[in-house]
Chemist: 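Please find one structure pasted underneath; my questions will follow.
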Amino acid sequence: MKAMNEMSVSFLSVSANESFARAVVAAFASQLDPTIDQLADLKTAVSEAVTNAIVHGYRETLGTVYITAKLYETGKIVVRVRDKGVGIPDVEKAMEPLFTTGGEERAGLGFAVMQSFCDKVAVRSALGKGTTVTLHKSLLRRGREHE
Ligand SMILES: Nc1ncnc2c1ncn2[C@@H]1O[C@H](COP(=O)(O)OP(=O)(O)OP(=O)(O)O)[C@@H](O)[C@H]1O
Ligand SMILES: [Mg+2]
């Protein structure tokens, strides 16, 4: 399926950019006319993915976080959040609720939040190369399916 619109943005892995990332994706997604709740869920999921890239992917170092988003005529958005950081040794394990390598400060719930707020979450990662998290979400308003 061909995207009807597409954007990409990249920024330095500093925590101030977490709110920038959620705002920019929300502004882009707004053209699908989502509900406030759908938009809030998408923003939360994007935040979790971006925070992970900054906190885990790049750890104590600085790097670039890359986001691309594509909109489809079906009302779907696909957001990719990519880092070129340390990578995840065992993706399946990392995605289990409560699993964290972040110690006391982290709950280990980021992936669980992404999964509950999106229709699908796909993770690709290679050690030493980085991680790509792809979020799929339908922003179609109920009742508009046949418009
Ligand atoms: N981009 C990434 N690069 C490297 N490791 C990652 C990345 N994203 C997640 N991880 C690993 O997966 C684990 C689980 O991530 P998740 O977001 O579910 O929990 P958390 O970040 O540890 O805690 P929380 O999100 O609740 O603050 C992390 O602790 C980390 O080990
Ligand atoms: Mg997290």
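When a ligand or atom number is given, it counts from 1 through the structure's own listing order. Source: prediction; values computed, not measured.
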Chemist: May I ask you to list the atoms of ligand 1 that are less than 4.0 angstrom from any heavy atom of Thr100?
Modeler: 20 (P), 22 (O), 29 (O)
Chemist: Under 4.0 Å from a heavy atom of Ala107: give me the atoms of ligand 1 that qualify, with their elements.
Modeler: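 Counting atoms of ligand 1 from 1, those under 4.0 Å from Ala107 are 23 (O), 24 (P), 26 (O), 27 (O).
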Chemist: I need the atoms of ligand 1 closer than 4.0 Å to a non-hydrogen atom of Ala53, numbered in the order shown.
Modeler: 1 (N)
Chemist: Below 4.0 Å, non-hydrogen atoms only: which portion of Thr51 touches ligand 1? Side chain, backbone, both or neither.
Modeler: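 Contact part for Thr51 vs ligand 1: neither.
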Chemist: Would you mind telling me if ligand 1 is within reach of the side chain of Glu105, the backbone, both or neither, using heavy atoms under 4.0 Å?
Modeler: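 Neither part.
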Chemist: Could you check atom 18 (O) of ligand 1 against the protein and tell me its nearest heavy-atom contact, residue, atom and distance included?
Modeler: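 Among all protein heavy atoms, the one nearest atom 18 (O) of ligand 1 is Phe111 N, 3.0 Å.
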Chemist: With heavy-atom distances below 4.5 Å as the criterion, would you say the side chains of Val79 and Val46 are in contact?
Modeler: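 Result yes, sub-4.5 Å side-chain heavy-atom pair found.
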Chemist: Give me the nearest non-hydrogen protein atom to atom 19 (O) of ligand 1 as residue plus atom name, then the distance to 0.1 Å.
Modeler: Gly108 CA, 3.2 Å
Chemist: Side chain of Gln38, backbone of Leu140: donor and acceptor closer than 3.5 Å?
Modeler: yes
Chemist: What I want to know is whether Val86 and ligand 1 share at least one N or O pair that is separated by under 3.5 angstrom.
Modeler: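 Such a contact does not occur with ligand 1.
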Chemist: What's the shortest distance from atom 20 (P) of ligand 1 to any protein heavy atom, and which residue and atom give it?
Modeler: His56 NE2, 3.6 Å
Chemist: For the Mg ion (ligand 2), decide whether Thr51 has an N, O or S atom at a distance under 2.8 Å.
Modeler: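 Checking Thr51: none of its N, O or S atoms is under 2.8 Å.
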Chemist: Checking Lys129 side chain against Gly87 main chain: does a donor-acceptor pair fall under 3.5 Å?
Modeler: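 Side chain of Lys129 to backbone of Gly87: no pair is present.
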Chemist: Above 12 or not: heavy atoms from other molecules or residues under 6.0 Å from CD of Glu73?
Modeler: no
Chemist: How many angstroms lie between NE2 in His136 and NZ in Lys70, if you round to the nearest 0.5 Å?
Modeler: 10.5 Å
Chemist: Can you sort out which atoms of ligand 1 are near Glu48, meaning under 4.0 Å from one of its heavy atoms?
Modeler: 25 (O)
Chemist: Do Gly110 and ligand 1 have an N or O pair less than 3.5 Å apart?
Modeler: yes
Chemist: So is Met114 polar-close to ligand 1, meaning N/O to N/O under 3.5 Å?
Modeler: no
Chemist: Against ligand 1, does Gly87 come closer than 4.0 Å with any heavy atom?
Modeler: yes
Chemist: Report the part of Thr101 in contact with ligand 1, treating N, CA, C, O as backbone and CB onward as side chain, heavy atoms under 4.0 Å; options are side chain, backbone, both, neither.
Modeler: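 Contact part for Thr101 vs ligand 1: both backbone and side chain.
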Chemist: Could you check Arg106, Glu92, Lys93 and say which one makes a side-chain contact (heavy atoms from CB on, under 4.5 Å) with Phe99?
Modeler: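 The option that passes is Lys93.
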Chemist: For ligand 1, which part of Ala94 has a heavy atom less than 4.0 Å away: the side chain, the backbone, both, or neither?
Modeler: both
Chemist: Near Ile36 CD1, under 6.0 Å, is it more than 12 heavy atoms from other residues, nucleotides or ligands?
Modeler: no
Chemist: Return yes if a side-chain donor-acceptor contact under 3.5 Å exists between Arg22 and Ser47, otherwise no.
Modeler: yes
Chemist: Considering Val65, Val50, Asp83, Leu127, which one's heavy-atom position lies nearest to atom 1 (N) of ligand 1?
Modeler: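 Of the listed residues, Asp83 has the closest heavy atom.
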Chemist: Give yes or no for whether the N/O distance cutoff of 3.5 Å, strictly under, is met between Ile88 and ligand 1.
Modeler: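 No; the residue has no nitrogen or oxygen that sits under 3.5 Å from a nitrogen or oxygen of the ligand.
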Chemist: Ala45 and Phe117: which non-hydrogen atoms are nearest, and at how many Å?
Modeler: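 Answer, listing the atom of Ala45 first, then Phe117: CB-CB, 4.5 Å.
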Chemist: Measure from the side-chain N and O atoms of Asp119 to the backbone N and O of Ser138, and report whether any donor-acceptor pair falls under 3.5 Å.
Modeler: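 Side chain of Asp119 to backbone of Ser138, a donor-acceptor pair under 3.5 Å: yes, one is there.
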Chemist: Looking at Ser125 and Gly130, would you say the former's side chain and the latter's main chain have a donor-acceptor pair under 3.5 Å?
Modeler: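 A pair under 3.5 Å: yes.
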Chemist: Suppose we measure from atom 26 (O) of ligand 1 to each protein heavy atom; which comes out shortest, and what is that distance?
Modeler: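 The answer is Leu109 N, 2.9 Å.
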Chemist: Is it true that a side-chain atom of Tyr58 and a backbone atom of Ala53 form a donor plus acceptor pair closer than 3.5 Å?
Modeler: no
Chemist: Please state which protein non-hydrogen atom is closest to atom 17 (O) of ligand 1 and give its distance, to 0.1 Å?
Modeler: Asn52 ND2, 2.8 Å
Chemist: Using a strict cut-off of 4.0 Å, indicate which atoms of ligand 1 neighbour a heavy atom of Gly57.
Modeler: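 So the atoms of ligand 1 that pass are 2 (C), 3 (N), 4 (C).
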Chemist: Does the Asp83 side chain pair with the main chain of Ile54, one donor and one acceptor, at a distance under 3.5 Å?
Modeler: no
